[in-house]
Amino acid sequence: MNAQQLKNTFKKLFNAEPLLVRSPGRINIIGEHTDYNGGFVMPAAIDKAIYVAISKREDDEIHLFSESYQQFDISSVKNLKKSENSWANYILGVADQLKERGYKLGGFNFYIDGDVPLGAGLSSSAAVECATGFALDQLFSLSVPKMDIALIAQKAEQTFAGVNCGIMDQFASVFGKKDQAIMLDCRSMKHIYIPLKLDGYKLLLLNTNVKHALADSAYNKRRAQCEQGVAWVKEHYPNVNTLRDVDLGMLDAYVKPKDEEVYKKCSFVVKEIGRLLTASEQLENGNLQGLGKLMFETHEGLSKDYEVSCKELDFLVDAVKPLDDVLGARMMGGGFGGCTINIVKEDKIAGLIEELAAKYQLEFGLKLDAYTVQTDNGTSLYN
C-alpha cells in the first residue's frame with residue numbers, strides 16, 4: 001500500500017493533508033482457545049495491514065470512508081452511537097471508548113483501506129481498531145499508553161461490534177515485532193519475544209473460503225464447557241480459577257466421571273497450554289521440525305477433541321501431512337472455516353499451492369486462496 005496513493009485519495013475525498021497509520025493483521029503460531037482460559041498464546045504481527053488516513057475537522061462531525069465498501073459514514077463526537085454500517089462500528093467503538101476514559105476528541109475525517117483478507121481469521125477487525133486508536137492518539141496528542149490502545153480496541157469490539165473477544169488479536173497488532181513471535185500470558189498480560197527464524201521456510205496461509213454458521217454458537221458453548229470443568233475442579237481445589245491452574249490428573253478425578261464431553265474439551269486446553277510451552281523452547285533452540293510436529297498435534301486436538309474444525313480445514317491439513325517439505329500445519333483461529341497455517345519449504349510453495357488448489361476445487365467446488373506472510377512490526381505511523 002503506497003503512502004502517496006493514500007494521501008492523494010484522502011485529499012480528493014476531504015481536501016486536507018492527512019496523518020497516516022498502519023496496523024498489521026496477525027497469525028497465531030500455536031496456542032488456540034487458550035486465551036479465554038487464562039493460558040498462553042503465541043501470535044505474530046504480519047506484513048498484511050490496515051491503513052488509515054486521518055485529519056482534524058473544524059466541527060464536531062466524524063466523516064468516515066471505507067475503500068472496501070465504497071461507503072461514507074457520518075456521525076458526531078458528541079452523539080456517538082452504533083452505526084447501521086457494521087464496518088464503521090470498529091472505528092466508532094474506539095472513539096467511544098476513548099471518550100469513556102475521559103480523552104478529549106474533536107471532529108475528524110477518516111479514510112480506511114488495507115490488504116488483510118477479510119474473513120480469513122487474520123484479525124482485520126483488530127487491525128482496524130488498533131489503527132483507529134493509534135491514529136486518534138497521534139492526531140489529538142492524547143498520550144494513550146500502548147497497552148491501553150490494545151485494551152480500548154478489545155473493549156470497542158465487545159461493545160460496538162458485539163464480539164466477546166480475548167486480548168490476543170489487539171495485543172499482537174500493537175506489540176508485534178519483525179522476526180519475532182510474542183509469547184503472551186493472557187492472565188498477567190506479561191509477554192516475551194521469541195525469535196521466529198524460518199531459514200529456507202515460509203509461513204503459508206491457505207484460506208478455505210468458508211465460514212460455517214456454527215462458529216459463534218460453538219465458541220460460546222466451548223467457553224461454557226471450560227468454565228463448567230473449572231467449577232467442578234474448584235470444589236476440591238479452591239485456588240483454581242481457570243484451566244491454566246488445572247492438570248490432567250484433576251480432570252480425570254473430578255470432571256471425567258461427571259461429563260465426558262466437558263472432560264474432552266478441558267483436556268484439549270490443558271494439553272494445548274503444555275504444547276505452547278514446549279513450542280517456545282523449540283523456537284528458542286531453532287528447532288522448526290519440533291514446532292511443526294506440535295502444530296500437527298494441535299490440529300488433531302482441535303479437530304477430534306475440541307471439535308471446532310470442519311471438513312475443509314481437515315482436508316487441507318491431511319493433504320500436507322505426508323509431505324517432507326511441510327514441517328507443520330493446523331487450522332488457525334476460532335474454527336469452522338478460515339485458514340490453515342503451514343510451515344513450507346520456500347522453493348516448494350508455488351507447486352504446493354497449484355496442486356492443492358486443484359484438489360480442493362475438485363473436492364469442494366471452492367477456490368483455495370493462498371498467502372505467504374512474514375512477521376512484521378506492530379501499529380505505527382506510516383510514511
Side-chain angles (χ1 to χ4, degrees), residues 1 3 6 18-28 35 41 43-54 62 64 66-68 86-101 103 105 108 110-178 180-182 184 186 189 191 193 333 373 375-383:
M1 200 68 55
L6 278 174
L19 178 90
L20 304 183
V21 167
R22 172 197 169 280
S23 191
R26 67 98 192 97
I27 51 172
N28 187 28
D35 55 347
V41 286
I46 56 171
D47 57 348
K48 295 195 179 299
I50 294 293
Y51 298 89
V52 156
I54 191 169
I62 298 172
L64 312 177
S66 161
E67 183 63 39
S68 299
S86 59
W87 63 266
N89 287 325
Y90 295 98
I91 301 157
L92 298 173
V94 172
D96 180 61
Q97 282 303 316
L98 285 165
K99 265 183 69 183
E100 283 278 307
R101 291 175 180 231
Y103 291 106
L105 303 177
F108 57 91
F110 188 101
Y111 169 78
I112 184 165
D113 196 2
D115 57 8
V116 184
L118 301 176
L122 303 181
S123 290
S124 54
S125 57
V128 171
E129 293 148 3
C130 296
T132 303
F134 190 79
L136 290 170
D137 170 62
Q138 296 290 311
L139 189 68
F140 294 107
S141 305
L142 303 176
S143 302
V144 184
K146 273 175 89 171
M147 187 65 219
D148 285 2
I149 287 177
L151 291 166
I152 284 165
Q154 179 195 20
K155 199 85 193 319
E157 185 145 343
Q158 291 171 343
T159 54
F160 266 51
V163 180
N164 187 18
C165 59
I167 189 65
M168 172 176 74
D169 299 350
Q170 292 82 0
F171 193 95
S173 203
V174 171
F175 288 95
K177 271 192 186 174
K178 195 167 172 48
Q180 311 275 324
I182 306 167
L184 171 64
C186 295
M189 288 296 121
H191 68 286
Y193 291 99
V373 295
T375 54
D376 214 333
N377 292 319
T379 310
S380 63
L381 288 170
Y382 181 64
N383 44 38

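For reference, positions follow the sequence shown, starting with 1.
Screening residues 134-174 for ring-ring contact (aromatic ring centres under 6.0 Å, His included) gives Phe171-Phe175, Phe171-His191 as the qualifying pairs, with residues at least two apart or on separate chains.
Pairing each heavy atom of Ala45 with each of Pro24, the nearest pair is CB-CG, 3.6 Å. Considering all non-hydrogen atoms of both residues, Ala44 and Thr375 come closest at CB-CG2, 3.8 Å. Looking at every heavy atom in both residues, Val41 comes nearest to Cys186 through CG2-SG, 3.8 Å.
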Side chains of residues 86-97: which donor-acceptor partners sit under 3.5 Å, not counting sequence neighbours?
from: Trp87; atom 1: NE1; to: Gln71; atom 2: OE1; distance (Å): 2.5
from: Asn89; atom 1: OD1; to: Ser83; atom 2: N; distance (Å): 2.7
from: Asn89; atom 1: ND2; to: Ser83; atom 2: O; distance (Å): 3.2

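With sequence neighbours excluded, the residues satisfying side chain to side chain contact (heavy atoms under 4.5 Å, CB included) with Asp47 are Val373, Gln374, Asp376. Residues satisfying the salt bridge (Lys or Arg N to Asp or Glu O under 4.0 Å) criterion with Asp35, sequence neighbours excluded, are absent altogether. With sequence neighbours left out, Glu67 forms a side chain to side chain donor-acceptor pair (under 3.5 Å) with Gln70, Tyr111. Checked against ring pair (Phe, Tyr, Trp, His ring centres under 6.0 Å), Phe110 has no partners two or more places apart in sequence or in another chain.
In this structure the side chain of Leu381 reaches within 4.5 angstrom of the side chain of Gln138, judged on heavy atoms. With a 4.5 Å cut-off on side-chain heavy atoms, Arg22 and Ile50 do not count as touching. Side-chain contact check for Lys155 versus Glu100: every heavy-atom pair is 4.5 Å or farther apart.
Considering CG of Leu184 and CD1 of Ile167, their distance stands at 8.0 Å, rounded to 0.5 Å. Rounded to the nearest 0.5 angstrom, Thr379 OG1 and Lys146 NZ are separated by 8.0 Å. Distance check, rounded to the nearest 0.5 Å: OG of Ser124 to CZ of Arg26 gives 10.0 Å. To the nearest 0.5 Å, atom CG of residue Asp169 and atom SG of residue Cys130 are 9.0 Å apart. One finds the CD atom of Gln170 at 11.5 Å from the CD1 atom of Ile152 (value rounded to the nearest 0.5 Å). Note that CE of Met189 is 5.5 Å distant from CE of Met147, once rounded to the nearest 0.5 Å.
Results of the side chain to side chain contact (heavy atoms under 4.5 Å, CB included) test with Ile54 over Leu136, Leu20, Thr132 single out Leu136 as the only residue that passes.
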Exercise for the section: Could you please spell out the steps behind the side-chain contact (heavy atoms from CB on, under 4.5 Å) verdict for Ile112 and Leu64? Expected result: CA-CA 8 Å; Ile112 184 165; Leu64 312 177; over 6 Å; no

Exercise for the section: Check step by step if side-chain contact (heavy atoms from CB on, under 4.5 Å) holds for Tyr193 and Ile182. Expected result: CA-CA 5 Å; Tyr193 291 99; Ile182 306 167; 3.8 Å; yes

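Taking a cutoff of 4.0 Å between a charged side-chain nitrogen and a carboxylate oxygen, Asp115 and Lys48 do not qualify as a salt bridge.
Asn377 contributes no side-chain N or O that, together with a main-chain N or O of Lys177, makes up a donor-acceptor pair within less than 3.5 Å.
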